[in-house]
Amino acid sequence: MMPKECDGPAVRMGILEPRQMTGDSFFSSGQGICSGFQFVEMSSRKSKSNNLKHSECLSQVQRILRERFCHQSLHSNLFGVQVQYKHLIELLKRTAIYGESNSVLIIGPRGSGKTMLINHALKELMEVEEVSENVLQVHLNGLLQINDNIALKEITRQLNLENVVGDKVFGSFAENLSFLLEALKKGDRTSSCPVIFILDEFDLFAHHKNQTLLYNLFDISQSAQTPVAVVGLTCRLYLKIFKEQLSLPAEFPDKLFAEKWNENVQCLSEDRSVREVLQKHFNVSKNLRSLHMLLMLALNRVTSSHPFMTAADLMEANQLCSMDSKANIVHGLSVLEICLIIAMKHLNDIYEEEPFNFQMVYNEFQKFVQRKAHSVYNFEKPVVMKAFEHLQQLELIRPMERTSVNAQREYQLMKLLLDNTQIMNALQKYPNCPTDVRQWATSSLSWL
Amino acid sequence: MAHLENLVLCRESQVSTLQSLFGERQHFSFPSIFIYGHTASGKTYVTQTVLKTLELPHVFVNCVECFTLRLLLEQILNKLNHLSSSEDACPTHITCETFNDFVRLFKQVTKAESLKDQTVYIPPERVSGMLLPLPLRGPQTTLQKPVIKEVLDKAEYLRDMEANLLPGFLRLQELTDRNVTVILLSEIVWEKFRPNTGCFEPFVLYFPDYSIGNLQKILSHDHPPEYSADFYAAYINILLGVFYTVCRDLKELRHLAVLNFPKYCEPVVKGEASERDTRKLWRNVEPHLKKAMQTVYLREISSSQWEKIQKDDTDPGQLKGLSAYTHVELPYYSKFILIAAYLASYNPARTDKRFFLKHHGKIKKTNFLKKHEKTSNHLLGPKPFPLDRLLAILYSIVDSRVAATANIFSQCLRCWVSDLQRPHGAPCSAECFRSCRRTFLPTAFLELPLITSLVTLQLLTLVGHDDQLDGPKYKCTVSLDFIRAIASVSPLYVLCSLLITIQLQFSVLLSPLNVDGEL
C-alpha cells in the first residue's frame with residue numbers, strides 16, 4: 001500500500017455531533033417509525049405463496065421486531081447522521097489504506113447512536129478488500145477495563161501478541177507496556193498493519209491514574225510509527241439530541257399478512273391519540289431507547305388472538321412507562337405507616353423542613369390518636385417503631401448522618417424523601433383509607 | 001398457562017407480562033429487566049416459577065450472599081458452568097477477579113453450551129474477545145443463540161459494590177453478544193439506582209401489593225387438612241382484622257397465622273364450642289392476638305417460647321420481652337446512678353437548684369424560657385452532662401437513710417486511707433459517710449467503676465473524646481419506660497419515680513414545687 005504524504009500534524013480531533021431532532025421532522029419521520037413495521041418482500045426471492053399459519057407469522061413478527069428493539073441490530077438506517085458517518089468513514093479509510101494516524105471523539109447523549117455509528121463504519125470498512133486483510137481492531141470498554149493494567153492486558157490479548165498463550169497474558173504491567181509500545185513503534189507506514197482502537201465509555205478511561213494508557217496511545221498516533229486511529233465514544237457532553245429512525249424494510253415471507261400489518265401501522269400513525277402519545281413521549285425523552293421500550297411494551301400485547309397493534313396498546317404502554325414508582329410504593333404501605341408519613345408531613349409544614357426524629361413523629365401521631373373520635377387503634381411504641389424502621393428500609397426516609405453506635409434510634413434525625421403533592425396524590429389512590437386519616441392529612445388541626 | 005396459575009395466585013397479569021417479555025426461546029428479550037415491589041409481594045417466587053415452568057436456563061444469585069465482586073461473579077460463572085456441562089462431567093471451579101475477565105469467561109462458557117446444540121461450523125475468530133457482532137465474521141447459517149436469564153435478587157446491594165458493576169450488568173447482552181437477560185429484583189425504586197452519568201435503562205416492572213381480598217385468598221390457601229376451608233377462612237378474617245392496619249407483609253402474616261391457629265382451635269378441640277360458633281371463638285382468640293402483636297410480632301420473644309406459652313396455657317400478661325430483662329440485673333446502687341443520669345440528661349441545668357436543693361429561691365421566667373416552653377427535652381433527646389452534676393444529683397436523691405440501711409457502700413476514701421490496716425470491707429459509719437459525701441471528693445472513687453460499667457452496658461454513653469480525663473461528659477441512653485420500670489420495682493424508689501413525674505410536668509407548667517426531703 002502506498003503511503004501518502006500528509007502535511008501538517010497527523011492527529012486530528014474531530015467531534016461528531018449528532019444532529020438535533022426538531023418536532024416537525026419527528027412527526028414526518030413518525031411515519032418512518034411506523035414504516036419500520038413495514039415489510040417489503042424481496043421480489044427476487046422466489047418464495048412460494050406460502051400462507052404461513054397465523055401463529056408462525058406472529059412468531060416471525062415478534063422475532064424480527066424484538067431483534068430490532070432489544071438487540072440493536074446493524075440493519076437500521078442512519079437517519080440524521082449521514083454527514084457524521086461520511087466524515088468518520090473517511091477518517092478510518094485514511095488510516096487503513098493510506099497509513100495516516102488519526103483520532104476522533106464521538107460525543108452524544110445516551111441512546112443517540114454512537115455505538116451503532118461506529119459499528120456501521122467498521123462494517124463498511126471491512127468490506128474493502130485490502131482493508132480486511134491488514135487492519136487490526138482493538139475494542140475496549142471503560143466499564144470493563146477499569147484500570148490501565150487490565151486495559152493493557154486486553155490490548156495485548158486482542159492483538160494476539162507473542163506474550164499471549166491461550167488467553168493468559170504474562171508479564172508485569174511495565175513489561176507489557178514496553179512490549180506493546182515496542183511492537184507499535186517498530187513499524188512504519190510502509191510495512192506495518194494499521195490498528196484501530198475503539199474506546200467505549202471514553203470518559204471512564206480519562207479517570208484512570210495518570211491516564212497512562214490514553215497518553216501513550218495518543219502519543220503513538222502522533223509519531224511516525226504504526227498508523228493508529230483512536231476512536232473514543234462518550235456521552236458526557238449533552239450537546240445536541242439526535243433521534244434515529246427505524247425505517248428499514250425487511251423481507252417477510254407472508255405477503256398478505258405483511259400488507260395487512262402495514263395498513264394497520266398506517267392507520268395507527270394517522271390516529272390522533274397515537275400522535276398525542278408519541279408527542280408526550282418525545283417531550284419527556286428524545287432518545288431512541290425509550291422509544292424502543294415503549295414499542296416493546298406495546299409489542300408484548302400482540303398475540304395470536306390480538307394480531308394487530310391498536311392505539312389502546314400504545315396508550316397503555318405509555319401509561320406503564322410514565323408511572324410514578326414512589327407513589328406505587330406508598331400504595332402498598334399499611335395504615336400505620338401512612339399515619340406516620342402524614343405525621344411527618346405535618347412536622348415538615350410546621351417546622352419548615354427541619355429534620356425530625358422518631359420521638360417527634362410519635363408525639364404527633366399520639367396527638368391524632370388521642371382525639372375523641374378516631375378509628376386508628378393506639379398502638380404501642382415498639383410497634384410504631386417497627387413501622388418507622390420499615391419506612392427507613394424502603395428508603396422513604398433517610399437519616400441525616402450515618403448511624404453511630406452511641407446514638408439512640410429514637411432520637412436520630414431523619415428527613416422525609418417524599419413531598420406534599422406526592423403524598424396527597426398517593427393518598428387519593430390508597431385503598432380502604434379510613435376517613436379520619438384522610439381528613440387528618442389535609443389539615444393537622446383537630447376540630448373535634 | 002393453567003399450571004402456572006395454580007402455582008402462583010393473584011399474579012396473573014405479572015406472570016403474563018413476564019411470559020410475553022421472555023417471548024419464545026430463540027427470540028431476543030430486553031437486555032435488562034428491573035422488578036420492584038414491596039417485600040413479600042412475590043417477586044422472587046414468581047420469577048423463579050415462571051423461569052422453571054418455561055424451562056429457560058437461568059442462574060439465580062442473591063446479592064446479600066455475594067457481597068463482594070469476586071463472590072458474585074464467581075458464583076454466576078460456576079452456576080452457568082453447571083448448567084452447560086453434561087451430567088457426569090464435574091466442571092472445574094472458575095475463578096474470576098474483575099468484570100473484564102467475567103465478560104470473557106462468560107462468553108467462553110456460553111459458547112460451549114451453544115456448540116452442543118449446533119451442527120453448524122463456526123469459523124474460529126482470529127482474535128478472541130472481539131466485540132464485533134457475529135455476522136461479520138464470515139459466512140454462517142443461522143445461529144441458534146443460547147438463551148440465558150440471570151436473576152440478581154436484592155439488587156440494592158449492587159449499588160454499594162464497584163461503580164462499574166451495575167452499568168455493566170445492564171449492558172451485559174451488548175458486552176457479551178449473547179442472548180442474555182439480566183433481571184434485577186429489589187424493594188427500592190429504580191430512580192435510586194440510576195448512576196450519575198446514566199446507564200442503559202432497564203425495563204421497569206412493578207409488582208403491586210396484594211389487596212386485602214388477595215391476602216385473604218392466599219392465606220386461606222394453606223389451611224390444614226383436618227379443618228374445613230370456611231373455618232380457616234373465618235380465622236384468617238379475624239387475624240387480618242387485628243394485623244392488617246399494622247402489617248401487610250405476607251410472610252409475617254403467614255407466620256402469625258400458623259403460630260396462633262392452635263389457640264383459635266382450642267375451644268373446638270376441648271369441645272366447648274363448635275366450628276360455627278364464630279363469636280365465641282373470636283372472643284377467645286382476640287386478646288391473644290393483641291398480645292401477639294406486642295411480643296411475637298416485635299420478636300421480643302421467640303416463636304418457640306410463644307408456642308410453649310400457648311401449650312401451657314399460662315396467662316400471657318406476664319410475658320417479659322427481650323428489652324424488659326436488662327434492668328433486673330443491675331446492682332442496687334447502679335440503679336440510682338442511672339436514675340440520676342436520666343434526670344441530669346432530661347432536666348436543663350438551671351432547674352437543678354429548684355428540684356434538688358432544700359432551700360431554693362424563685363426562678364424567674366426569662367424570655368428564653370418563654371420562647372422555648374413547648375419544646376420538651378423528651379422530643380429532642382438526652383443532653384450531655386458533666387460528671388460533677390451527676391454526682392450532685394445522685395447525692396441529693398440518695399438519702400442518708402437509704403444509704404445507711406444498704407450495706408453495699410464499703411468505705412469512704414478517708415477511712416480507707418487512714419485505716420489501711422483495717423479488715424477489708426468493713427463499712428464506715430453513716431455520719432462519716434454523710435460528711436464525706438457533702439464534699440464529694442472522697443467517695444467519688446466508689447461510683448466511678450459503677451459508672452464505667454454502665455457505659456459498657458451502653459446504658460450511658462461517653463460523649464466527647466476519650467482523652468479528656470478530667471472532665472468526662474455522659475449522656476443517658478435509656479428510655480422513660482425503662483427508668484419507670486426500674487423505679488417501680490421497689491418501694492424505696494418511690495421518691496425517684498415522683499421526681500421523674502414532676503420533671504415531666506416541667507415543660508407544661510412552671511408553678512413552684514416544694515421539693516424537699518419530705519415529699
Side-chain angles (χ1 to χ4, degrees), chain A residues 59 62-63 66-67 70-72 74 110 119 122-123 126 137 139 141 143-146 150 154 157-160 167 203-204 235-236 289-290 293 296 300-301 303 323 325-326 328-329 331-332 334-336 357 359-360 363 376-377 379-380 382-383 386-387 393-395 406 408 410-411 431-432, chain B residues 17 20-21 23-24 26-31 36-38 41 98-100 103-104 126-133 135-136 164 167-168 171 173-175 187-192 197-198 200-201 203-204 206 208-209 211-212 244-248 293-294 297-298 378-381 461 477 479:
Chain A
S59 166
Q62 290 268 356
R63 186 180 65 79
R66 270 161 193 271
E67 195 159 331
C70 301
H71 192 64
Q72 286 94 40
L74 278 184
R110 291 212 181 260
N119 286 339
L122 284 174
K123 177 177 161 204
M126 288 298 165
Q137 291 184 33
H139 288 252
N141 192 315
L143 284 178
L144 298 177
Q145 285 93 36
I146 45 180
I150 304 176
E154 190 63 32
R157 206 178 276 134
Q158 288 192 19
L159 288 179
N160 247 350
D167 255 339
D203 44 284
L204 294 175
C235 73
R236 218 175 250 252
R289 283 203 197 129
S290 54
M293 182 104 66
M296 183 74 186
N300 278 339
R301 305 206 182 281
T303 60
M323 264 193 320
S325 40
K326 271 196 185 158
N328 287 338
I329 294 284
H331 187 271
S334 65
V335 174
L336 179 60
N357 58 30
Q359 198 61 40
M360 294 185 201
N363 219 28
V376 178
Y377 176 69
F379 295 108
E380 314 244 307
V383 176
K386 185 164 173 171
Q393 192 194 350
L394 286 173
E395 295 195 8
N406 293 336
Q408 283 171 283
E410 291 107 351
Y411 295 110
N432 306 330
Chain B
T17 315
S20 55
L21 263 181
E24 299 188 28
Q26 66 275 22
H27 289 168
F28 276 104
S29 172
F30 222 74
Y36 74 100
H38 275 276
S41 52
T98 60
F99 199 63
N100 194 26
V103 168
R104 195 168 44 89
R126 187 181 50 172
V127 175
S128 71
M130 237 183 178
L131 293 174
L132 288 177
L136 280 187
N164 67 331
R171 281 181 176 268
Q173 194 180 83
E174 185 189 317
L175 293 172
E187 244 191 341
I188 316 279
V189 300
W190 171 245
E191 282 78 26
K192 295 193 190 271
T197 50
F200 189 95
E201 295 279 324
F203 183 94
V204 174
Y206 171 56
D209 48 290
S211 68
I212 191 165
Y244 186 66
T245 44
V246 171
C247 163
R248 291 193 183 177
M293 196 192 296
Q294 293 160 7
Y297 175 63
L298 298 171
H378 278 276
L379 291 183
L380 298 172
T461 52
T477 53
S479 65

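Order of the sequence lines fixes the chain letters, A, B, ..., with proteins taken first and strands second; residue numbering starts at 1 for each chain. Quantities reported herein were computed from a predicted structural model and do not represent experimental measurements.
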Heavy-atom donor-acceptor pair, A/Gln158 side chain to A/His139 backbone, under 3.5 Å: yes
Heavy-atom side-chain proximity of A/Val383 to A/Leu336 below 4.5 angstrom: yes
Options B/Tyr244, B/Tyr297, B/Phe99, ranked by heavy-atom pairs under 4.5 Å with chain A, top entry: B/Tyr297
Residues in side chain to side chain contact (heavy atoms under 4.5 Å, CB included) contact with A/Ile146, at least two apart in sequence or another chain: A/Ile150, B/Asn164
Residue selection (most heavy-atom pairs with chain B, distance under 4.5 Å) from A/Glu395, A/Gln393, A/His331, A/Gln145: A/Glu395
A/Lys386, part contacting chain B, at a heavy-atom distance under 4.5 Å: side chain
Most contacts with chain A, counted as non-hydrogen pairs under 4.5 angstrom, among B/Thr98, B/Thr17, B/Leu21: B/Leu21
Which residues share a side chain to side chain donor-acceptor pair (under 3.5 Å) with A/Ser325, sequence neighbours left out: B/Glu191
Side-chain touch B/Leu380/A/Met360, heavy atoms, less than 4.5 angstrom: yes
Which portion of A/Asn328 sits near chain B, non-hydrogen atoms under 4.5 angstrom: both
Toward chain A, the part of B/Pro167 with a non-hydrogen atom under 4.5 Å: both
